[in-house]
Amino acid sequence: MTTHDWVIAIDGPAAAGKSTVAQRLAERLGVMLFDTGALYRAVSLAALRHGVAKDDALGLARLAGEADIALAPPSAADGRLYDVLLDGEDVTWTIRTPEVGAIVSQVSEHPAVRDALLPLQRAIASSRPVVMVGRDIGTVVVPDAGVKIYLDAAPEVRARRRYHESLARGGAGSYDAVLQETRQRDATDSGRATAPLRAAKDAVRINTDDLDIDEVVAQIERIVHVQTAESRTL
Ligand code: DC
């Protein structure tokens, strides 16, 4: 097995701050950011477009295998952290719509879908230094990642963050609805049989309830430096 000393795995529940933290960290370290949630969202969007049902495991796995999904550096200054391309089309914001959000947890539950998305994720992990964000990076995708972080926060804190993000983008909806959706998402992500949301045994857990983004990034940076120094002396 290859060692993935230069993979920084960041897992945790929805809206724990993973994407923003990972983007800042990747920028500071000068490495690539790869947000694996975008893959499951792109497959969900493809399913909606092709009329494949969220419980059609085989149909979804075929879509996941055949769709050309890519992440690229941001091409517009509209708040995006990266571009998401589905068969060459920019779907960066389309994958964030409520329609996609409503099915992505169920789409990502199917083992066949997860299997279909593994080769792309592992190829990225083996190709270059990268900050990888997801739910199962430290447990399943890259179990030998050099640094594993599990970012968490209370459901109420995460729902408040998501609610304010949505308001800032002109979205409607209530805080209570966001909180309910957050709880539902947690239950599906943690309760599924394959690759459930879980901290790896050797992950460093960081609770972000009372921390701002800069403090979280600084903590992870310190962990990365310690880890890098240790692996040099081995
Ligand atoms: O991080 P996000 O909200 O964009 O993720 C969308 C969904 O994808 C989420 O419900 C769980 C799933 N997901 C997953 O199962 N495994 C990953 N590595 C990343 C995301």
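One-based numbering, in listed order, for ligands and for the atoms of each.
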Check [Y] with [X], please: is the shortest side-chain N to carboxylate O separation under 4.0 Å?
X      : Y      : value
Asp90  : Arg80  : yes
Arg96  : Glu165 : no
Glu181 : Arg185 : yes

For Asp68, salt bridge (charged side-chain N to carboxylate O under 4.0 Å, His left out) partners two or more places apart: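 None.
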Listed partners of Ala125 passing side-chain contact (heavy atoms from CB on, under 4.5 Å), at least two apart: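 Here the qualifying residues are His4, Val7, Met132, Val142.
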Partner set under side-chain hydrogen bond (donor to acceptor under 3.5 Å, both in side chains) for Asp152, not counting sequence neighbours: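 Asp152 satisfies side-chain hydrogen bond (donor to acceptor under 3.5 Å, both in side chains) with no residue once adjacent residues are dropped.
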For ligand 1, the residues whose heavy atoms come within less than 4.0 Å (ordered by chain, then number):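 The answer is Thr36, Gly37, Tyr40, Arg41, Arg96, Val104, Ser105, Ser108, Arg114, Gly134, Arg135, Asp136, Arg185, Asp189, Arg192, counting any residue whose heavy atom sits under 4.0 Å from ligand 1.
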